[in-house]
2 protein chains.
Amino acid sequence: MKQAKRKKLEAKGWKVGTAAEFLGLSPEEEVLIDMKLALARHMKALRTRKKLSQKDVAKLLESSQSRVAKMEAGEPSVSMDLLVKALLVMGASQKDLAKTIATKSIAA
Amino acid sequence: MKQAKRKKLEAKGWKVGTAAEFLGLSPEEEVLIDMKLALARHMKALRTRKKLSQKDVAKLLESSQSRVAKMEAGEPSVSMDLLVKALLVMGASQKDLAKTIATKSIAA
DNA sequence: TGAAAATATGTCAAATATGACATACAATCA
DNA sequence: TGATTGTATGTCATATTTGACATATTTTCA
């Protein structure tokens, strides 16, 4: 595991404070985090492209601006279900989602 | 929305008991359910192919046999996160997941 | 500039998902 | 057959995720 990768995750708020904790992440957990971060990035990109505010997306999602912010920030408290829903309400297709999920977000 | 589709969802335990409730599902919610059912099917297929019992998978996943059963049954109480984790611990790749997610599980 | 709009961050009660357990049912096979 | 193994179903206390809210910070632009 590279330092750069660790920093990226820490920066996002994932609880990887100590080396021990970080090493405690299984490869599967890492991949899941990768996928969620990829979805978060896609979400922000799509929203920006559509010129929507976080408030706008919150309305479409029936959620709140603060939660949308947390989603885009890739906070650990956000479920994959919610990320996917958000992309769908912004008009993303299943294919779009598949592509995003297949994307490695952090260099291995 | 076709009857066949509705029956499939009802059979899985999704709360679509009445026509009104069913019609209350937004297209995005339907797609999300589709995706989760596709993951559930993939999960069972992979487990069977690997000749693992639900108990075996539960151990890998640090979960329980009953939850694995519910996952495979496509119960609404199961998160996408958990489905993805399950596939990952069984050795599925991000690419596999992407493919599954791109798959329409129920005829539109 | 400065004020308005957008975004970020922190908190919390309510809603939902979770593993664990008991137990029912089904499949396998000696 | 029945006994063993595997799967399904229901329940529940606990854990996590949620929308909402307040408020801080940043961005935008006249």
Side-chain angles (χ1 to χ4, degrees), chain A residues 10-17 21 24-26 28-29 32-33 35-37 39-41 43-90, chain B residues 10-17 21 24-26 28-29 32-33 35-37 39-41 43-90:
Chain A
E10 286 176 343
K12 296 287 184 178
W14 295 88
K15 295 205 203 67
V16 288
E21 277 172 305
L25 282 184
S26 69
E28 294 80 25
E29 284 167 327
L32 183 62
I33 291 175
M35 288 172 53
K36 289 170 78 166
L37 292 181
L39 289 169
R41 275 209 318 276
M43 198 193 145
K44 178 160 193 173
L46 184 53
R47 178 179 66 80
T48 302
R49 183 152 70 68
K50 294 218 164 194
K51 303 209 190 297
L52 297 171
S53 66
Q54 291 181 344
K55 211 174 173 183
D56 293 334
V57 175
K59 187 146 201 179
L60 289 172
L61 236 198
E62 302 180 82
S63 180
S64 61
Q65 177 270 324
S66 60
R67 185 128 303 270
V68 172
K70 289 179 213 320
M71 293 168 79
E72 289 186 356
E75 288 201 10
S77 79
V78 175
S79 73
M80 194 158 172
D81 296 68
L82 192 60
L83 287 165
V84 167
K85 268 188 224 167
L87 283 162
L88 291 175
V89 298
M90 283 196 283
Chain B
E10 285 175 345
K12 296 288 184 178
W14 295 87
K15 294 206 204 66
V16 288
E21 277 173 305
L25 281 183
S26 68
E28 294 80 25
E29 284 168 326
L32 183 61
I33 291 175
M35 289 173 53
K36 289 170 81 166
L37 292 180
L39 289 169
R41 273 209 319 278
M43 198 193 146
K44 178 161 192 172
L46 184 53
R47 177 179 66 80
T48 302
R49 182 152 71 69
K50 295 218 165 195
K51 302 208 189 301
L52 296 171
S53 66
Q54 292 182 343
K55 211 174 172 183
D56 293 334
V57 174
K59 187 146 199 178
L60 289 172
L61 193 53
E62 300 180 84
S63 179
S64 62
Q65 178 270 324
S66 59
R67 185 130 302 268
V68 172
K70 289 180 215 317
M71 293 169 79
E72 289 186 355
E75 287 199 10
S77 79
V78 175
S79 73
M80 194 158 171
D81 297 68
L82 191 60
L83 288 165
V84 167
K85 268 187 222 166
L87 282 162
L88 291 175
V89 299
M90 282 196 283

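Just so it is clear: chains get the letters A, B, ... in the order the sequence lines come, proteins before strands, and each one is counted from 1. Bear in mind that the values here come from a model prediction, so they are computed numbers and not experimental data.
- For B:R47, the salt bridge (Lys or Arg N to Asp or Glu O under 4.0 Å) partners two or more places apart in sequence, or in a different chain, are B:E72.
- The footprint of chain A on DNA chain D, defined by a heavy-atom cutoff below 4.0 Å, extends from D:dT17 to D:dC21.
- In this structure, the side chain to side chain contact (heavy atoms under 4.5 Å, CB included) partners of A:A58, at least two apart in sequence or on a different chain, are A:V68.
- Atoms CD1 and CD, on A:I33 and A:E28 in that order, are 11.5 Å from each other to the nearest 0.5 Å.
- Applying the salt bridge (charged side-chain N to carboxylate O under 4.0 Å, His left out) test to pairs two or more places apart or on separate chains, none has a residue in residues 48-71 of chain A.
- B:S63 pairs by the side-chain hydrogen bond (donor to acceptor under 3.5 Å, both in side chains) definition with nothing, not counting sequence neighbours.
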Any protein N or O atoms within reach of nucleotides 28-30 of chain C? Criterion: under 3.5 Å, listing atom names and distances.
none

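- With sequence neighbours left out, B:L60 forms a side chain to side chain contact (heavy atoms under 4.5 Å, CB included) with B:L52, B:V89.
- Between the CZ atom of A:R47 and the P atom of C:dA5 there is a distance of 17 Å, given to the nearest Å.
- Rounded to whole angstrom, the span from the CD atom of A:E75 across to the C1' atom of C:dT11 amounts to 12 Å.
- Rotation axes derived from the C1' atoms of the five outermost pairs at either end of the helix from C:dT1-D:dA30 to C:dA30-D:dT1 lie 40° apart, to the nearest 10°.
- Listed by residue number, there are no residues of residues 80-90 of chain A with a heavy-atom contact under 4.0 Å to DNA chain C.
- One can place NZ of A:K59 at 16 Å from C1' of C:dA5, the figure rounded to the nearest angstrom.
- Spacing between atom NZ of B:K55 and atom P of C:dG19 amounts to 17 Å, rounded to whole angstrom units.
- Between A:S79 and B:L52, it is B:L52 whose nearest contact on DNA chain D lies nearer the 5' terminus.
- For the segment residues 60-70 of chain A, residues with any heavy atom less than 4.0 angstrom from an atom of DNA chain C are, sorted by number, A:Q65, A:S66, A:A69, A:K70.
- Legend: salt bridge (charged side-chain N to carboxylate O under 4.0 Å, His left out) pairs involving residues 77-89 of chain A, not counting sequence neighbours, sorted by first then second residue: A:D81-B:K36.
- Every residue two or more places apart in sequence or in another chain that forms a side-chain hydrogen bond (donor to acceptor under 3.5 Å, both in side chains) with A:S64 is listed here: A:S66.
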